[in-house]
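Throughout, a chain's letter reflects where its sequence line sits, starting with A, and its residues are numbered from 1.
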Number of protein chains: 2
Amino acid sequence: MYKVIITVRLKSSVLDPQGTTVKGSLHSLGYTEVEEVRIGKTMELWLNTTDQVEAGKRVDAMCRRLLANPVIEDYEYRLEEGA
Amino acid sequence: MYKVIITVRLKSSVLDPQGTTVKGSLHSLGYTEVEEVRIGKTMELWLNTTDQVEAGKRVDAMCRRLLANPVIEDYEYRLEEGA
C-alpha cells in the first residue's frame, strides 16, 4: 500500500486569474504584504500495490493522461510507503 | 521576503465527490490499484515581510478568514525564507 501526494501547479508563464482574485481579497482584508498568489491542486491517492518503481511509473502516466494538463501545468509527486 | 505554501484539504470525515469521480476515471483508464482519491488545494503566497513569527500568525489568520473553510477543511502551511 502506497500513498501518493501529487501537486499540480500552473506553469509560471501561465496567468493565474484565481490567484489574482485571491490576492485582491487578501489586500481588501488588510494583508497588503501579499505580493503574489498562485493556486494549484493537491491530490492524495492510495494505491494497492507493493512495487514502488512500478507505482511511480504508473502515477507519472496518470498525471500525464488525466490529472494534469501538461500544456499549462507542471506536476510533481512523492510516494509514501504503507500510509 | 517569504514564500508560504498552504495546503487545504477536506477533513477526512467529509465526503469528496470530486475525488470519487477522479477515482472512477482512473479505474476506467485501467489504474485499478487506486483505492481512494482525495483532492485539495495548494496555494503559494509571496509575502513582502521580514518578521517570520508575525508572518506565520498573519498566514494563519488568512487561512481562517479566507483561504480555508474551517468547518469542512483542514489547512497547513510552511514558510520558506527568501524564496
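- Smallest separation of non-hydrogen atoms from B/Tyr75 and B/Val8: CB-CG2, 4.1 Å.
- Within the 4.5 Å cutoff, the side chain of B/Met43 has heavy atoms near those of the B/Leu45 side chain.
- A/Glu44 has its side chain within reach of A/Lys3: a pair of non-hydrogen atoms, C-beta onward, lies under 4.5 Å apart.
- Annotation: residues 56-71 of chain A contacts chain B through A/Arg58, A/Ala61, A/Met62, A/Arg65, A/Leu66, A/Leu67 [non-hydrogen atoms, separation under 4.5 Å].
- Identified by a heavy-atom distance below 4.5 Å to chain B, the contributing residues of residues 14-28 of chain A are A/Val22, A/Ser25, A/Leu26, in residue-number order.
- Note on B/Tyr31: it clusters hydrophobically with B/Val37, by side-chain heavy-atom contacts below 4.5 Å among ILVMFWY residues.
- Checked for salt-bridge contact, A/Arg9 and A/Asp74 miss the test: no charged N lies under 4.0 Å from a carboxylate O.
- When side chains are defined from C-beta on, A/Glu81 does not count as touching A/Met1, because their heavy atoms never get closer than 4.5 Å.
- Most heavy-atom pairs under 4.5 Å with chain A, from the set B/Thr7, B/Thr49, B/Val4, B/Leu29: that is B/Leu29.
- Using a 4.5 Å heavy-atom cutoff, the side chains of A/Glu80 and A/Tyr2 are not in contact.
- The pair A/Glu76-A/Arg78 does not meet the salt-bridge criterion, since no charged nitrogen lies less than 4.0 angstrom from a carboxylate oxygen.
- A/Ile6 places none of its side-chain heavy atoms less than 4.5 Å from the side chain of A/Thr42.
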Output, in order, the C-alpha distance, side-chain angles, deciding distance and verdict of side chain to side chain donor-acceptor pair (under 3.5 Å) for B/Asn48 and A/Glu35. CA-CA 6 Å; B/Asn48 186 7; A/Glu35 297 222 322; 3.2 Å; yes
